[in-house]
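Per chain, numbering begins at 1; letters A, B, ... match sequence-line order.
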Amino acid sequence: MQIQAEERGWLRLRNAFSTLMENRNFLGFLLVIPAEAILFIFLAYPFILGLWLGFTDTVIGRKGDFIGVGNYVSLLKDSTFWLVTYNTFLYTIVAVLFKAILGFVLAIILNRDFKAKGLVRAIILLPWIIPTALSAIVFWWLYDSTFSAISWSLIKMGLINHKIDFLGDPTNARISLIVANVWRGIPFFTIGLLAGLQTIDPTLYEAAAIDGAGSWKRFRRITLPLILPLLAVITTFSTIWTFGDFQLVWVITKGGPANATHLFGTLSFQRAIPGGHFGEGAAISNFILPILVLCVLISFKYLKRED
Amino acid sequence: MARVILENVSKYFNEVIAVKDFSLEIEDKEFVVFVGPSGCGKTTTLRMIAGLEEITKGNIYIGDRLINRIPAKDRDIAMVFQNYALYPHMTVYQNLAFSLEMRKLSKKEIDERVKEAADLLEISELLHRKPKQLSGGQRQRVAVGRTIVRKPQVFLFDEPLSNLDAKLRVQMRGELKKLHERLSSTIIYVTHDQVEAMTMGDRIVVMKDGLIQQVGKPLDLYFHPINKFVAGFIGSPTMNFIETELIGSENRLFVQADGFRLRIPEERSRNLQNHVGKKITLGIRPQDLSKASAPVEGETIEALVEIIEPIGNEIYLDVKAGRDSLIASVDPKTRVIPHQKILLQANLENIHLFDPDDEKALL
Ligand SMILES: Nc1ncnc2c1ncn2[C@@H]1O[C@H](COP(=O)(O)OP(=O)(O)O)[C@@H](O)[C@H]1O
Ligand SMILES: [Mg+2]
């Protein structure tokens with residue numbers, strides 16, 4: 001009698017278990033746990049730690065205490081911080097604008113039929129494939145005040161008569177960095193937009209041609225509206241990366257001259273690692289957060305409207 | 001005024017010859033159908049007329065103008081594409097209005113023309129929708145609507161019904177035909193479907209491998225195909241072709257097949273004298289074979305029924321006569337069972353004979 005009851009209990013448990021396992025929600029939850037755990041350890045944990053550090057006075061070698069918004073208040077009074085904010089916005093807006101325009105133009109050119117199309121498309125990808133640190137070093141050389149190949153060629157061509165001080169002058173340094181960033185970022189736009197352009201049915205252009213639209217009208221009325229959602233997404237991504245840029249700047253100028261090229265990323269690193277002020281460094285990078293969230297919200301909102 | 005004339009038009013894609021020496025005069029207000037199997041050059045020809053494809057050789061005239069070098073937008077033509085090519089980001093209204101906007105018509109006139117076309121095609125309720133929200137048939141109407149707002153001289157249709165289900169296709173066939181009468185303009189219509197060609201065309205151009213095979217009125221093509229290809233392409237089920245020998249006994253000629261012989265009508269015999277004793281291809285349509293009651297020498301065929309396909313208004317019988325397989329389309333009330341022997345009466349007036357070498361029809 002008792003054994004039977006026990007068996008019945010066991011059976012019921014098994015039934016309950018298998019019902020549970022057939023439940024989509026529960027099983028789905030179970031299956032994503034490993035992925036969630038990995039994401040948590042490698043993304044959420046450092047992210048939350050960074051947030052927390054921004055509210056402490058942690059310095060290297062000493063566990064800090066919670067100091068509320070102390071770091072943020074002192075940063076807002078720091079003129080270097082304001083300069084860096086200006087730099088970052090300037091850098092991002094100008095670089096993203098040029099990347100978008102040049103990348104789009106290149107994508108349109110590559111979308112045409114020509115010989116060796118595959119090869120050219122592969123070459124276009126190069127700036128994107130080469131490790132940033134490496135291409136940064138190449139730019140550093142190109143911009144060197146004595147060994148610059150650019151200065152050398154221009155002098156040889158007789159266009160200038162003295163070497164350009166690419167990185168010593170604040171304006172030159174900013175332009176130089178933006179050029180390097182644009183060079184590196186164009187392929188992302190080009191390849192992304194090219195993929196988008198290729199999904200546009202070519203008969204649409206033929207229909208439009210018969211309907212009386214010239215090439216500008218076809219671009220304006222067919223290509224642009226159809227590619228705009230993709231352009232918005234790509235621009236958002238590019239904005240996020242450019243805003244948080246670090247490698248190019250750190251290798252080429254280290255933020256100089258006179259902080260003219262310091263960005264949030266480099267200043268945060270400089271204060272936190274060489275400077276030892278973890279708390280302050282974290283607070284600087286936390287300033288990026290609301291701006292990027294805003295970026296993402298705008299582009300998502302735009303995408304929703306398109307649908 | 002909107003005649004379309006093609007003079008020895010050819011199109012080469014590198015080595016591939018898509019269209020060769022295409023010559024045709026299309027009358028004003030005529031409904032001409034290009035028909036042929038896939039890859040025979042129908043679309044290419046249409047695209048050359050539209051100005052979407054360069055003309056390798058030859059001349060095309062619309063009205064009195066040589067249009068070889070005139071861009072598509074100035075040719076005064078409109079085209080319905082096989083996939084409709086509706087602008088996916090525009091509403092139906094904007095799709096219809098687009099060409100008028102490009103031609104800088106006033107807002108008021110655009111509105112009038114769009115509404116008029118929408119009324120005609122019964123798509124007024126759909127004007128605010130995007131193409132994605134339309135059914136196949138509705139999209140097709142919008143595509144047609146987009147062409148008629150312009151009131152062009154010539155309409156070009158590239159297989160516009162091939163993406164619709166069978167029932168809708170039949171319905172749209174009739175509607176397009178009616179539309180042609182209302183618009184009274186020239187239509188060039190491309191299809192691979194011979195039924196569509198037969199039912200819609202004033203005149204049909206049968207093509208194969210880039211070459212025109214025959215041009216004619218639907219029933220002319222049906223009753224007087226110029227070669228074996230046209231004979232086989234037009235009509236359903238396909239014409240039966242049987243390899244036979246032309247034999248003469250007394251003053252009468254017969255085609256001798258493996259399992260039967262048929263008499264050639266006397267008035268045709270005279271032209272066939274120098275084929276006597278040679279191989280000849282007999283062509284006979286399934287509709288020209290019916291059930292016979294008694295055997296008649298040279299007129300009936302004794303055959304074995306293999307497969308029975310009742311269609312409704314007729315029954316298709318796959319039969320075997322000697323070595324040869326034939327299809328007969330018989331009266332739906334005919335009672336037959338598989339493996340039964342059947343006697344078929346051939347309608348000798350309608351038999352076709354082809355030279356087995358060049359496949360041309362023999363009178
Ligand atoms: N753009 C092109 N490049 C190369 N060959 C083509 C091109 N367009 C069509 N062809 C070839 O030309 C021939 C005719 O094609 P098409 O006019 O599309 O035939 P249809 O419309 O009768 O099916 C085919 O052999 C096809 O492969
Ligand atoms: Mg085609």
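When each of Leu100(B), Leu52(B), Thr147(B) is checked for heavy-atom pairs under 4.5 Å with chain A, Leu52(B) comes out on top. Interface remark: of the candidates Met79(B), Lys73(B), Arg75(B), Lys73(B) forms the most heavy-atom pairs closer than 4.5 Å to chain A. Ranked by heavy-atom pairs under 4.5 Å with chain B, the list Pro202(A), Gly214(A), Ala208(A) is led by Ala208(A).
Geometrically, Lys11(B) engages Phe13(B) in a cation-pi contact defined by less than 6.0 Å to the ring centre and at most 45° from the axis. For Arg103(B) and Phe98(B), the positive end is not near the middle of the six-membered ring at less than 6.0 Å and at most 45° from its axis. For the pair Lys177(B) and Phe31(B), the cation-pi test (distance below 6.0 Å, angle within 45°) is passed.
Residues Arg221(A) and Glu101(B) are paired through a salt bridge, judged by an N-O separation under 4.0 Å between the basic side chain and the carboxylate.
Using a 4.5 Å cut-off between heavy atoms, Asp74(B) makes no contact with chain A at all. Heavy atoms of Phe81(B) lying under 4.5 Å from chain A belong exclusively to its side chain.
No side-chain donor-acceptor contact under 3.5 Å links Asp193(B) and Thr191(B).
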